S.K.: 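This is the structure I want to talk about, given as structure tokens.
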Amino acid sequence: MTNNDIFKKLRVALMLRDDQIVEILELVDFRISKSELGAFFRDEKHENYVECGDQVLRNFLNGLVIHLRGTKENPKNPKDVLAKHKAEIPVKEGFKEKVDFKSKPKTDFKKKPSSSPKAKKPAPKVQVVEKVKFNNGKNKKS
């Protein structure tokens with residue numbers, strides 16, 4: 001797995017846009033443009049594809065820690081930051097929000113109709129195999 005793959009997966013998992021990634025990199029004083037950043041996310045066969053170096057990924061990860069956790073002087077809750085990112089994502093037209101399904105407890109049990117003993121008589125058991133006495137493989141002495 002290359003640095004580009006890791007960068008792409010983090011971008012998707014954290015729901016980050018290019019401008020947010022640029023801001024995260026600026027937290028650690030690493031300047032990069034959106035076009036340079038877009039080159040990392042291209043297909044490997046594309047002519048403008050650029051390999052993501054260790055320095056870029058390292059600075060992004062360090063900036064991401066500051067972005068999510070904050071600093072010692074100004075700590076943040078990572079869940080709040082991620083919820084803020086999720087809220088900033090525009091909702092597409094015609095897209096319905098996911099409805100939480102809550103199952104209802106079953107309270108109305110239907111009883112099976114009881115069969116009356118007079119209506120049905122149990123069938124007599126038919127003996128299929130004759131009664132055989134086993135001696136566990138030992139010969140019987142008489």
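Small disclaimer: the values here were computed from a predicted structure and weren't measured.
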S.K.: Give a yes or no on whether Ile66 and Leu16 share a hydrophobic cluster (residues Ile, Leu, Val, Met, Phe, Trp, Tyr; joining criterion: side-chain heavy atoms under 4.5 Å apart).
M.R.: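 In one cluster with Ile66: Leu16, yes.
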S.K.: Rounded to the nearest 0.5 Å, what separates atom CZ in Phe41 from atom NZ in Lys8?
M.R.: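 Between atom CZ of Phe41 and atom NZ of Lys8 there are 8.5 Å.
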S.K.: Applying the 4.5 Å side-chain criterion to the ILVMFWY set and letting contacts propagate, would Leu37 and Leu61 be lumped into a single cluster?
M.R.: yes
S.K.: Are Leu82 and Phe60 co-members of a hydrophobic cluster defined by side-chain heavy atoms under 4.5 Å apart?
M.R.: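 Cluster IDs for Phe60 and Leu82 match.
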S.K.: List the residues meeting ring-ring contact (aromatic ring centres under 6.0 Å, His included) with Phe40, not counting sequence neighbours, and say none if there are none.
M.R.: none
S.K.: Measure the spacing between CG of Asn59 and CG of Leu64 and express it to the nearest 0.5 Å.
M.R.: 12.0 Å
S.K.: Indicate the atoms forming the closest heavy-atom contact of Leu57 with Cys52, along with that distance.
M.R.: N-SG, 4.1 Å
S.K.: List, one per line, each side-chain donor-acceptor pair under 3.5 Å for residues 22-36, sequence neighbours excluded.
M.R.:
unit_1	atom_1	unit_2	atom_2	d
Ser33	OG	Ser35	OG	3.1
Ser33	OG	Glu36	N	3.3
Ser33	OG	Glu36	OE1	3.3
Glu36	OE1	Ser33	N	3.0

S.K.: Surrounding CZ of Arg69 (heavy atoms of other residues, nucleotides or ligands, distance under 6.0 Å), is the total greater than 12?
M.R.: no
S.K.: Hey, could you give me the CG/CD1 distance between Leu14 and Ile21, rounded to the nearest 0.5 Å?
M.R.: 9.0 Å
S.K.: Is there a side-chain contact between Thr2 and Phe7 in this structure, where contact means two heavy atoms from C-beta onward sitting under 4.5 Å apart?
M.R.: no
S.K.: Do the non-hydrogen side-chain atoms of Asn4 and Val50 ever get within less than 4.5 Å of each other?
M.R.: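 Not in contact.
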S.K.: For Gln20, which residues count as a side chain to side chain donor-acceptor pair (under 3.5 Å) partner, sequence neighbours excluded?
M.R.: His85, Glu88
S.K.: Extract all donor-acceptor atom pairs below 3.5 Å that involve side chains of residues 72-79 and protein atoms in other chains or at least two apart in sequence.
M.R.:
unit_1	atom_1	unit_2	atom_2	d
Lys76	NZ	His67	O	3.4
Asn77	OD1	Lys79	N	3.4

S.K.: Please name all residues satisfying salt bridge (Lys or Arg N to Asp or Glu O under 4.0 Å) with Asp18, sequence neighbours left out, ordered by chain then number.
M.R.: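 Here the qualifying residues are Arg11.
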S.K.: Who pairs with Arg17 by side chain to side chain donor-acceptor pair (under 3.5 Å), at least two apart in sequence or on another chain?
M.R.: Asp19
